[in-house]
Amino acid sequence: MRLVFIGPPGAGKGTQCVRLTEFLGVPHLSTGDMLRDAVQAKTKVGRLAKKYMGRGQLVPDPVIIDLIGERLGRDDCAAGYLLDGFPRTVGQAESLDEYGRGAKQPLDFALELQVDEENLVSRLLERGREDDKEKVIRRRLIAYRKQTEPVAEYYQQQDILKRIDGNTTPETVFERIKAALVR
Ligand code: ADP
């Protein structure tokens, strides 16, 4: 199964991805994790990405499209994948569609995890990652609304979007996700 998982920072995507990847037996591809690895390893991509990440801005599309394109070409993605944090812009979604058409592998579903803003901010402040400072959080939420909500709309138009209410316990959210993954 080929899935895209989108949701604002703090929605609990990470937690659900761990469960879902095990349940489906497909690799979990998180662009956030891939970028943080690149920053750690001080690669060219990492040095470039660091500036954007620290400011709560998106890394430019061509950089991220290259990164994920390379990853999707590996053998372990043949039977499917769970994309976490990608696509984040309509441009990225269009590239993924082109890639899928080329490889004759369309997406099965796009999941959007929806959580109220006050819950998001308090969850993120508790987590305390490097980019989890209130000012940076607010910017990431703005970037989400401006750039990523249109991605949900894009998948809505393709009729593969499933919206999940994430304002509850991880167990209940996971049950809702499993229930949504049927046509
Ligand atoms: P969050 O969803 O909590 O913001 P992520 O780990 O998904 O966390 O992403 C952290 C940062 O990495 C983002 O703020 C952004 O700078 C960068 N990033 C991750 N995925 C993408 C992407 N698909 N396109 C552009 N930038 C990205």
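Please read these numbers as outputs of a predicted model, since none were measured by experiment. Atoms within each ligand, like the ligands themselves, are counted from 1 in listed order.
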Nitrogen or oxygen atoms of [X] and ligand 1 under 3.5 Å apart:
| X | result |
| --- | --- |
| Val59 | yes |
| Gly85 | yes |
| Arg140 | yes |
| Gln92 | yes |

Task: Under-4.0 Å heavy-atom contact with ligand 1, by part of Ile64 that carries it - done: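 Only the side chain of Ile64 comes within reach of ligand 1.
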Counting non-hydrogen protein atoms only, what is the nearest one to [atom]? Give residue, atom name and distance.
| atom | result |
| --- | --- |
| atom 18 (N) of ligand 1 | Leu35 CD1, 3.4 Å |
| atom 2 (O) of ligand 1 | Arg88 NH2, 3.3 Å |
| atom 20 (N) of ligand 1 | Thr31 OG1, 2.9 Å |

Would Arg176 and Phe174 count as a cation-pi pair here, with the cationic atom under 6.0 angstrom from the ring centre and within 45° of the axis?
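Because its charged atom misses either the 6.0 Å distance or the 45° angle limit, Arg176 does not stack over Phe174.
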Would you say [atom1] of [X] has more than 12 non-hydrogen atoms from neighbouring residues, nucleotides or ligands within 6.0 angstrom?
| X | atom1 | answer |
| --- | --- | --- |
| Lys178 | NZ | yes |
| Gln40 | CD | no |
| Lys133 | NZ | yes |
| Glu22 | CD | no |

**Request:** For a side chain to side chain contact (heavy atoms under 4.5 Å, CB included) with His28, tell me which candidate from Asp84, Leu83, Leu3, Leu20 qualifies.
**Result:**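 Of Asp84, Leu83, Leu3, Leu20, side chain to side chain contact (heavy atoms under 4.5 Å, CB included) with His28 is met by Asp84 alone.
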For a side chain to side chain contact (heavy atoms under 4.5 Å, CB included) with Val59, tell me which candidate from Lys50, Met53, Lys51 qualifies.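 Among Lys50, Met53, Lys51, the one that satisfies the side chain to side chain contact (heavy atoms under 4.5 Å, CB included) with Val59 is Met53.
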- Query: At a 4.0 Å cut-off, with the gap strictly under it, does some heavy atom of Arg127 reach an atom of ligand 1?
  - Reply: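 In this structure, Arg127 qualifies as a contact of ligand 1 - some heavy atom is under 4.0 Å.
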Review point. Does even one non-hydrogen atom of Arg129 get within less than 4.0 Å of ligand 1?
Key: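 Checking ligand 1 against Arg129, which is what was asked, there is a heavy-atom contact under 4.0 Å.
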**OP:** Report the C-alpha distance between Asp61 and Gln92 in whole Å, list the side-chain angles of each, state the deciding distance to 0.1 Å, and finish with yes or no for side-chain hydrogen bond (donor to acceptor under 3.5 Å, both in side chains).
**Re:** CA-CA 6 Å; Asp61 278 359; Gln92 293 179 11; 2.9 Å; yes
field: Pair Arg139-Asp131, salt bridge (Lys or Arg N to Asp or Glu O under 4.0 Å): steps then yes or no
entry: CA-CA 10 Å; Arg139 276 206 217 132; Asp131 54 352; over 6 Å; no
Taking 4.0 angstrom as the limit and counting only heavy atoms of [X], give me the atoms of ligand 1 inside it, by number and element.
| X | answer |
| --- | --- |
| Arg36 | 6 (O), 10 (C) |
| Met53 | 11 (C), 12 (O), 16 (O), 17 (C) |
| Gln57 | 15 (C), 16 (O) |

